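Right, one structure below, let's go through it.
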Amino acid sequence: GQNIDQPTEMTATEGAIVQINCTYQTSGFNGLFWYQQHAGEAPTFLSYNVLDGLEEKGRFSSFLSRSKGYSYLLLKELQMKDSASYLCAVRGSRNQGNLIFGKGTKLSVKP
Amino acid sequence: DTEVTQTPKHLVMGMTNKKSLKCEQHMGHRAMYWYKQKAKKPPELMFVYSYEKLSINESVPSRFSPECPNSSLLNLHLHALQPEDSALYLCASSQVGPLGAEAFFGQGTRLTVV
């Protein structure tokens with residue numbers, strides 16, 4: 001079976017740091033992706049991990065532990081425009097590159 | 001050009017209508033996808049095309065019929081839809097291959113079935 005879990009909602013303050021966790025149990029693993037989606041818009045790619053460890057991209061970092069089936073997305077120096085849903089997605093065992101999405105975490109950034 | 005273009009952006013159709021959603025990309029990607037997204041839910045995979053051939057159909061009802069006429073275009077033909085089919089339909093594309101190939105999403109077509 002395929003199961004990807006992340007918190008439904010989170011709230012944080014402008015300028016702060018927030019960590020969004022994702023745990024997964026999938027029949028195969030070919031990488032974990034984080035996407036940002038503003039309401040009514042398409043998902044946009046944020047980061048990708050296939051090996052254990054931390055990937056840093058400006059204000060965004062993503063961490064992966066394959067043995068624990070665990071990832072997190074770290075957002076630093078939060079801005080109001082970071083208010084969005086954050087989707088954790090796993091590329092499963094099939095070679096076509098299709099993504100299995102978690103339910104998403106709705107992040108609200110407050111002044 | 002890192003865009004995936006979908007048309008139309010909005011579509012309202014009756015249950016007896018036939019309509020088509022269109023998706024286009026010029027990034028040289030040979031994998032293209034249709035996802036369906038209901039409000040406050042994650043995208044759910046419908047179809048995957050790899051090298052213009054249908055490789056995955058996630059048990060989608062036959063009232064949805066995908067077509068990939070060439071490596072840049074992906075269509076979704078709609079016929080006899082139900083109100084519960086109202087959703088955001090997202091097209092995506094990526095390189096073929098198991099690792100590292102991020103999927104680029106179009107802006108979606110917001111479909112309302114009346």
Side-chain angles (χ1 to χ4, degrees), chain A residues 1-9 20 22 24 26-52 55 57 60 62 64 66 84-108, chain B residues 2-7 9-10 23 25 27 29-58 60 66 68 87-112:
Chain A
Q2 319 275 42
N3 193 42
I4 300 175
D5 283 321
Q6 38 180 145
T8 306
E9 293 186 40
I20 303 174
C22 171
Y24 64 90
T26 56
S27 56
F29 182 82
N30 285 291
L32 188 141
F33 295 75
W34 284 95
Y35 280 82
Q36 180 191 61
Q37 187 175 27
H38 287 97
E41 298 184 10
T44 54
F45 170 77
L46 290 178
S47 71
Y48 164 75
N49 296 74
V50 67
L51 300 176
D52 291 352
E55 294 285 337
K57 254 183 157 185
F60 298 88
S62 57
L64 175 67
R66 289 171 296 169
S85 286
Y86 291 85
L87 301 166
C88 173
V90 171
R91 174 165 291 141
S93 59
R94 289 178 290 196
N95 195 25
Q96 287 84 359
N98 51 295
L99 298 173
I100 306 157
F101 283 90
K103 288 183 165 54
T105 298
K106 184 177 178 184
L107 174 66
S108 298
Chain B
T2 58
E3 278 197 358
V4 177
T5 304
Q6 289 187 244
T7 54
K9 288 188 169 40
H10 300 274
C23 175
Q25 57 88 15
M27 293 178 277
H29 292 166
R30 301 303 293 276
M32 296 187 77
Y33 313 83
W34 280 114
Y35 285 85
K36 173 182 176 179
Q37 187 175 25
K38 302 280 276 184
K40 299 184 181 180
K41 300 284 187 186
E44 293 180 358
L45 184 69
M46 299 175 73
F47 302 104
V48 179
Y49 273 83
S50 181
Y51 295 107
E52 296 86 68
K53 292 194 184 330
L54 183 65
S55 58
I56 296 177
N57 176 343
E58 291 286 356
V60 179
C68 190
L88 181 67
Y89 288 84
L90 293 164
C91 172
S93 71
S94 73
Q95 296 173 7
V96 175
L99 298 177
E102 70 186 82
F104 291 81
F105 284 83
Q107 291 295 313
T109 294
R110 187 160 299 281
L111 174 68
T112 304

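To find a chain, count down the sequence lines: A is the first, B the second, and so on, and within it residues start at 1. The shown structure was predicted, so the numbers you read here are calculated from the model rather than taken from an experiment.
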| task | State whether the number of non-hydrogen atoms from other residues, nucleotides or ligands found under 6.0 Å of B:Lys41 atom NZ is greater than 12. | result | no
| request: Check whether more than 12 heavy atoms from other residues, nucleotides or ligands sit under 6.0 Å from atom NZ of B:Lys40, and answer yes or no. | output: no
| request: Could you have a look at B:Gln37, B:Glu44, B:Arg110, B:Gln6 and say which one has the most heavy-atom pairs with chain A under 4.5 angstrom? | output: B:Gln37
| said: Using side-chain heavy atoms (C-beta onward) and a distance below 4.5 Å, is A:Ile4 in contact with B:Pro42? | reply: no
| field | For B:Tyr89, ring pair (Phe, Tyr, Trp, His ring centres under 6.0 Å) partners two or more places apart | value | B:Phe64
| Note, A:Pro43 side chain near B:Leu90 side chain (heavy atom, < 4.5 Å) | yes
| field | For the student: nearest non-hydrogen atoms of A:Phe101 and B:Pro43, plus distance | value | CD1-O, 3.6 Å
| said: Would you compute the distance between atom CD of B:Glu102 and atom OH of A:Tyr35 and round it to the nearest 0.5 angstrom? | reply: 6.0 Å
| Closest contact, heavy atoms only, B:Leu88 versus A:Glu41 | CD2-O, 4.5 Å
| said: To the nearest 0.5 Å, what is the distance between OG on B:Ser94 and CZ on A:Phe45? | reply: 11.5 Å
